[in-house]
Amino acid sequence: MGELPAPESPYDILGGADAVRRLTEAFYDAMEAHEPALAAIHQTDAEGRIKPEVRQRFGLFLVGWLGGPQDYSARYGHPRLRMRHARVRVGVEMRDAWVRSMTRAMDACGVEGQVRRFLDARFSEVATFLMNVEE
Ligand code: HEM
């Protein structure tokens with residue numbers, strides 16, 4: 001009996017590391033262009049752009065979270081997202097701004113079909129889970 005093929009992860013379906021990197025860049029570019037209040041709570045450089053380190057850490061997290069190599073956890077430990085967001089006030093406005101930025105990024109990268117429906121649902125679920133203030 002042959003082995004069953006491993007099911008494809010969202011990471012594979014999107015197109016691997018380069019595709020996830022492009023999605024990450026598109027996400028922060030959309031945030032900078034359209035969601036100034038959300039961009040402003042991130043670490044920025046002298047020109048007011050979200051720092052490359054921030055983009056890089058989130059990109060590495062996304063790779064693992066989507067089912068690719070687990071380099072984020074190897075380097076930074078368990079994501080513990082709620083703990084890592086404790087210093088930011090996440091209310092409805094910020095949650096919605098975050099989700100809009102990711103929606104724009106997925107639009108820009110042509111993420112469609114079943115993987116898009118899956119990610120739309122998962123991203124809003126996690127963003128809602130990270131809310132830590134009532135507004
Ligand atoms: C709900 C609205 C959200 C807000 C307002 C928010 C805000 C932030 C901020 C301000 C940072 C710190 C960046 C810096 O160091 O300057 C951050 C980091 C991060 N966020 Fe979010 N975030 C949100 C949702 C999410 C979601 C839904 C995910 C996962 C799907 C996520 C994953 C991460 C990760 C992995 C980091 C990097 C943590 C680290 O290694 O330091 N965030 N976020």
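We count ligands from 1, going down the list as the structure has it; atoms in each ligand are counted the same way.
Looking only at side-chain heavy atoms (C-beta outward), R104 and E35 come within less than 4.5 Å of each other. Between D107 and E112, the closest side-chain pair of non-hydrogen atoms is not below 4.5 Å.
The protein heavy atom nearest to atom 41 (O) of ligand 1 is R57 NE, 2.9 Å. In terms of protein heavy-atom proximity, atom 24 (C) of ligand 1 is nearest to W98 NE1, 3.1 Å. For atom 16 (O) of ligand 1, the closest non-hydrogen atom on the protein side is Q43 N, 2.7 Å. Among all protein heavy atoms, the one lying closest to atom 35 (C) of ligand 1 is F61 CG, 3.4 Å. Among protein heavy atoms, atom 10 (C) of ligand 1 sits closest to I41 O, 3.5 Å. Among protein heavy atoms, atom 5 (C) of ligand 1 sits closest to L38 CD1, 3.5 Å. Of all protein heavy atoms, the one closest to atom 32 (C) of ligand 1 is F58 CE1, 3.5 Å. Nearest protein neighbour of atom 40 (O) of ligand 1, counting heavy atoms only, is Y72 OH, 2.6 Å.
Atom CD in Q114 sits 7.0 Å away from atom CD1 in I13 (nearest 0.5 Å).
For F58 and F27, the ring centers sit closer than 6.0 Å to each other. The ring of W65 has its center no closer than 6.0 angstrom to the ring center of Y72.
Using a 4.0 Å cutoff on heavy atoms, Y76 does not count as a contact of ligand 1.
The closest heavy-atom contact to atom 12 (C) of ligand 1, among the options R89, M94, R84, R87, comes from R87.
Only the side chain of H85 comes within contact range of ligand 1, with a heavy atom under 4.0 Å; no backbone atom does. Only the side chain of L81 comes within 4.0 Å of ligand 1, judged by heavy-atom distances. If you look at I50 next to ligand 1, there are no close heavy atoms at all, none under 4.0 Å.
Using modelled atom types, one finds no donor on one side chain facing an acceptor on the other under 3.5 Å when comparing R49 with T44.
Here is the list of ligand 1 atoms found below 4.0 Å of a heavy atom in V54: 13 (C), 14 (C), 15 (O), 16 (O). Residue contact check: V88 has heavy atoms under 4.0 Å from atoms 10 (C) of ligand 1.
With respect to R95 and E125, no salt bridge is recorded, no charged nitrogen being found less than 4.0 Å from a carboxylate O. Comment: E25 does not engage R22 in a salt bridge, judged by the lack of any side-chain N to carboxylate O separation of less than 4.0 angstrom. Ion pairing between R116 and D120 holds under the 4.0 Å rule for side-chain N and carboxylate O.
H42 and Y28 have perpendicular rings, their planes meeting at more than 60° on a 0 to 90° scale where under 30° would count as parallel.
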